Amino acid sequence: MSQQNEQRRNFVKKSALLGLAGIAAPHLGFSANDTKENIAPSLLTDRPKVIFFDVNETLLDLNAMRESVGNALGKRNDLLSLWFTTMLQYSLVDTVARQYHDFGIVGVAALQMVASNNGITISKEEATKAILTPLRSLPAHPEVRSSLESLKKAGYTLVSFTNSSNIGVKTQFENSGLIDLFEERLSVEDIGKFKPHADAYDWAARKMGVKPQECLLVAAHGWDIAGALWANWRAAFISRPGAQLYPLAPSPEFNESNLKLISDKLIALK
């Protein structure tokens, strides 16, 4: 056997061993230049420098909007999850095609698509009213304000980070009474790429002047948690009813049913 073939054979053996190790311990990452800064987010225990919060469903209760959208779909509440996933799908279509439309406008288009596919007639104006009117006045989940106040009192920097527009989230926070609790409100509108695109998380970290591994995202969406972790952020998942983590992504550092339980654990970090 030639020396070149022997080297190739050894390389394949080593690659296979690394692959098996990765299967046995999927939370670990392998690279040629692993350093302390590249430790998997789930293994970090120090306090994050900035806590970023998704907004819709994470902080604000979407039940009023679900009811409104369900009514617009002829009370076909079974279509609500299809509408949301269609909205998310086409926000990513915009992103990969280097386009951008307001997330609410994408939601209106998605609602029209789902309605049409199910024999339901709905105008653009009706779809807009069904989504944007309740979306701007959603209440916070019961434990949210006190949890955010506790985190702020504990010295954390709190930043909202949403796929919604700047004016949209400002209006939401004014109406829900949360606007005074955040140091910054970040919207992907300013970068023109929706989460979970890695560039969105990189941009948010730069905007706050911190490294990715110094960021922690709190979200109630498995796709958002996955995007943050793959961008080298830390993450805390709020398992609101119906929310699921993506099984092919790393596990977040925290996984609790509400923000109070997560805030208690974050405050306990040194």
Side-chain angles (χ1 to χ4, degrees), residues 26-27 29 40-42 48 51-63 65-66 69 79-111 113-114 131 135 138 141 159-165 168-169 172 186-205 212-213 215-259 262:
H27 61 286
S42 60
I51 304 177
F52 295 81
F53 293 85
D54 176 58
V55 176
N56 296 313
E57 195 57 78
T58 300
L59 302 178
L60 304 182
D61 189 342
L62 291 180
N63 280 333
M65 189 179 72
R66 289 193 188 98
V69 172
L79 296 176
L80 287 173
S81 61
L82 177 59
W83 163 68
F84 185 81
T85 55
T86 302
M87 174 171 61
L88 181 60
Q89 175 187 352
Y90 279 90
S91 72
L92 297 180
V93 168
D94 264 18
T95 294
V96 299
R98 295 196 293 271
Q99 304 297 313
Y100 179 81
H101 296 91
D102 182 296
F103 199 47
I105 300 303
V106 176
V108 168
L111 182 54
M113 294 168 72
V114 170
I131 295 172
L135 184 64
L138 297 172
H141 286 289
V159 176
S160 64
F161 181 31
T162 179
N163 275 346
S164 296
S165 66
V169 73
Q172 286 181 311
L186 301 184
S187 165
V188 300
E189 180 181 12
D190 292 334
I191 185 177
K193 295 180 180 180
F194 287 104
K195 296 185 294 178
H197 196 294
D199 287 355
Y201 303 96
D202 292 344
W203 166 79
Q213 61 269 28
C215 305
L216 181 138
L217 176 73
V218 178
H221 305 288
W223 53 266
D224 205 357
I225 294 292
L229 289 170
W230 280 326
N232 273 337
W233 284 29
R234 300 165 69 180
F237 180 59
I238 303 181
S239 55
R240 303 283 187 201
Q244 291 290 332
L245 289 168
Y246 182 38
L248 301 184
S251 296
E253 195 166 338
F254 305 103
N255 183 347
E256 300 291 347
S257 60
N258 62 59
L259 184 57
I262 287 174

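Because the structure is a prediction, the values reported are computed rather than measured. In what follows, every heavy atom counts, from backbone to side chain, and hydrogens, waters and symmetry copies are set aside.
A distance-only check finds a donor-acceptor pair linking the side chain of S187 to the backbone of S164 [under 3.5 Å]. Under a 3.5 Å cut-off, the side chain of H141 and the backbone N or O of E57 do form a donor-acceptor pair. Side-chain atoms of Q172 come within 3.5 Å of backbone N or O of L135 as a donor-acceptor pair. Counting only distance, with no hydrogens or angles, the side chain of S239 and the backbone of E256 share a donor-acceptor pair below 3.5 Å.
Nearest heavy-atom pair across V188 and A200 is CG1-CB, 4.4 Å. Across A235 and P252, no two heavy atoms sit closer than the pair O-CB, 3.5 Å. Across A236 and I225, no two heavy atoms sit closer than the pair O-CD1, 3.5 Å. For W223 against K195, the heavy-atom pair with the smallest separation is CZ3-O, 3.7 Å. When every heavy atom of A220 is checked against every heavy atom of T58, the shortest pair comes out as N-OG1, 2.9 Å. Residue F194 comes nearest to H101 through the heavy atom pair CZ-O, 3.1 Å, listed as atom of the first residue, atom of the second, then distance.
Side-chain contact between N163 and N56 is absent, with no heavy atoms from C-beta onward closer than 4.5 Å. Counting only heavy atoms from C-beta outward, the side chains of P196 and Y201 approach each other to under 4.5 Å. In this structure the side chain of L216 reaches within 4.5 angstrom of the side chain of I51, judged on heavy atoms. With contacts defined as side-chain heavy-atom distances shorter than 4.5 Å, the pair E189/Y100 qualifies.
For the atom pair CG of L245 and CZ of F237, the computed distance is 4.0 Å after rounding to the nearest 0.5 Å.
Within the structure, no pair that satisfies the side-chain hydrogen bond (donor to acceptor under 3.5 Å, both in side chains) test touches residues 80-93, not counting sequence neighbours. Annotation: salt bridge (charged side-chain N to carboxylate O under 4.0 Å, His left out) contacts involving residues 236-245, sequence neighbours excluded, comprise E143-R240.
Of the residues listed (L62, D61, V55), the one engaging L138 in a side chain to side chain contact (heavy atoms under 4.5 Å, CB included) is L62, and it is the only one.
Under the 30°/60° scheme for interplanar angles, the aromatic rings of W203 and F161 are found to be tilted.
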